[in-house]
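Naming convention: chains lettered A, B, ... in sequence-line order (proteins, then strands); numbering from 1 in each chain. Note that the structure is a prediction, hence the values are computed from the model and not measured.
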Amino acid sequence: MALPAPDPARGARRLLDWFAANARELPWRRTRDPYAILVSEVMLQQTRVDTVVPAFLRWMDRFPDIPSLAKAGQEEVLKAWEGLGYYSRALNLQRAARLILEHHGGQLPREDESLLALPGVGRYTAGAVQSLAFDLPREAIDGNVERVLCRLLDLETPAKDRRSQARFRKHIRGMMAENSPRSVSEALMELGALVCLPRNPRCNGCPFEGDCLARQRGTVLDRPVPGKRMPARAIQAVFGILTDGRRIFLQKRPPEGLMANLWEFPGGKLEEGESPRKALRRELFEELGIRSREEEKVGTLRHSYTRFIVTLHVFLVRVEDASGVPAPGKMTGRPSGWFTPLEARGLPMPAANAKIMSRWVEGLESDAEI
DNA sequence: GAAGCGTGGCG
DNA sequence: TCGCCAAGCTT
């Protein structure tokens, strides 16, 4: 049975009543200075309120207006940003201050184009400045607002989806039609921060409880739905099982990053238009200084990672003189070595490499001919 | 469109 | 303890 779609105007009244009674006292809510609003919004990008409050007070004390920020030294600006992270935000803010002096007579512009042209100001921050500082009917859709509206409207499309964003804008415009855009923006974000929480929403006492479609359908914890993952991309890669007739060659991955410290066969991804055999020769030369001539294709296997499906071309490469591999000067700082199948079995390897081991290397006695 | 950019809080 | 993630933007 179809539930009525939430009415923006009615919801807005309840939301604003709730906000009037429950809003936190935050320093940037005590001002309507567009510069101060901008500073707070940039600081709040991906950063928690508790972290921002003291930094905001410090910053406004040190750079109380656009001219003072514009003429400050870079060291000073970075120092004032200390602890907030994403330091390019600080430098962008100063560049923005200089642009505002140069092109807008020292006053923050209100138009989309001018705001979006400021470094560090994107769709969200522009809308936040427009609605919070200028009380213009523009949406400020951040992660909080997305969550609130995905639940209120019980959207089955991911929050970032165009269709979702269009619904958000329409609903927010409806709420702003007869209410202060400033209040609507602030209240939506505050609701997301205090009540409509990601994991433990406090639906009792939510001003939207009677309207919220997700609440009525029991789907609150399923909204927003996770973004649709990109279909796994197909990748071609090549591995070489180097053998001196008794042992195989393995190298250790770097100590940081993906599959850190695991042991793997030499090889790599195929380049554009490259054949597997050619890719193997290139990789062996680049990584180990080997000029291989007689690779024997032993098989192909497919392996799925989170984001791609790899087709692995596996070759056996016979090496005359194991002592020359890797060539001096290659593989600097990356452990590598020759191992019998028995020894290799004891080393940690990524799953795809382990598959190669079990399919083409293991099962042979350690002294058997490979 | 994905990856990179920092930090602190939380389960 | 540690992975996840929070008022995004840029390249």
#### Entry: For atom CD of A:Gln45 and atom C1' of C:dT10, their distance in whole Å
11 Å

### Task
Could you check whether A:Ser40 gets within reach of a base, just the sugar-phosphate, or nothing at all, counting any heavy atom under 4.0 Å?
nothing

### Task
Nearest whole angstrom, please: distance from the P of C:dC9 to the CD1 of A:Ile141.
12 Å

### Query
Can you name the side-chain hydrogen bond (donor to acceptor under 3.5 Å, both in side chains) partners of A:Glu111, sequence neighbours left out?
A:Ser114

Tabulate below the donor-acceptor pairs under 3.5 Å that side-chain atoms of residues 5-15 of chain A make, not counting sequence neighbours, or state none.
| unit_1 | atom_1 | unit_2 | atom_2 | d |
| --- | --- | --- | --- | --- |
| A:Asp7 | OD2 | A:Arg10 | N | 2.9 |
| A:Arg10 | NH2 | A:Asp211 | OD1 | 3.2 |

### Task
Would you mind reading off the distance between A:Trp81 atom CH2 and C:dC9 atom P, rounded to a whole angstrom?
13 Å

### Task
With heavy atoms under 4.0 Å as the rule, sort A:Val121 into base, sugar-phosphate or nothing.
sugar-phosphate

Could you pull out the protein-nucleic contacts involving nucleotides 7-11 of chain B (nitrogen or oxygen on both sides, under 3.5 Å)?
| unit_1 | atom_1 | unit_2 | atom_2 | d |
| --- | --- | --- | --- | --- |
| B:dT7 | OP1 | A:Tyr87 | OH | 3.3 |
| B:dG8 | N2 | A:Arg48 | NE | 3.3 |
| B:dG8 | N2 | A:Arg48 | NH2 | 3.0 |

#### Entry: Separation of atom OH in A:Tyr124 from atom C1' in C:dT10, rounded to whole Å
18 Å

### Query
Separation of A:Arg89 atom CZ from C:dC9 atom C1', in whole Å?
10 Å

### Task
Would you check if there is a donor-acceptor pair between the side chains of A:Arg151 and A:Thr219 at a distance under 3.5 Å?
no

### Query
So, A:Asp61 and A:Arg58, do they make that salt bridge, N to O below 4.0 Å?
no

## Note on the structure
note: A:Arg147, atom CZ; C:dA6, atom P; distance rounded to Å ~ 7 Å

### Task
Mind calculating the distance between CG (A:Leu91) and P (B:dG4) to the nearest angstrom?
21 Å

#### Entry: Sugar-phosphate, base or nothing in reach of A:Leu26, heavy atoms under 4.0 Å
base

### Message
The criterion is ring pair (Phe, Tyr, Trp, His ring centres under 6.0 Å); which residues satisfy it with A:Phe339, sequence neighbours excluded?
### Response
A:Trp263

### Query
A:Trp28 near the nucleic acid: base, sugar-phosphate alone, or nothing, with a heavy-atom cut-off under 4.0 Å?
base

Under 3.5 Å, which donor-acceptor pairs do the side chains of residues 90-99 of chain A form with other protein atoms, sequence neighbours left out?
| unit_1 | atom_1 | unit_2 | atom_2 | d |
| --- | --- | --- | --- | --- |
| A:Asn92 | OD1 | A:Arg95 | NH1 | 3.0 |
| A:Asn92 | ND2 | A:Ser88 | O | 3.3 |
| A:Gln94 | NE2 | A:Leu69 | O | 3.1 |
| A:Gln94 | NE2 | A:Ala72 | O | 2.8 |
| A:Arg98 | NE | A:Ala70 | O | 2.7 |
| A:Arg98 | NH2 | A:Ala70 | O | 3.1 |
| A:Arg98 | NH2 | A:Ala72 | O | 3.4 |

### Under the salt bridge (Lys or Arg N to Asp or Glu O under 4.0 Å) test, residues paired with A:Lys79 that sit two or more places apart
A:Glu82

### Message
When the P atoms of B:dG6 and C:dC2 are compared, how many Å lie between them, rounded to an integer?
### Response
23 Å

### Message
I need the CG-C1' distance between A:Asn144 and C:dG8, as an integer number of Å.
### Response
13 Å

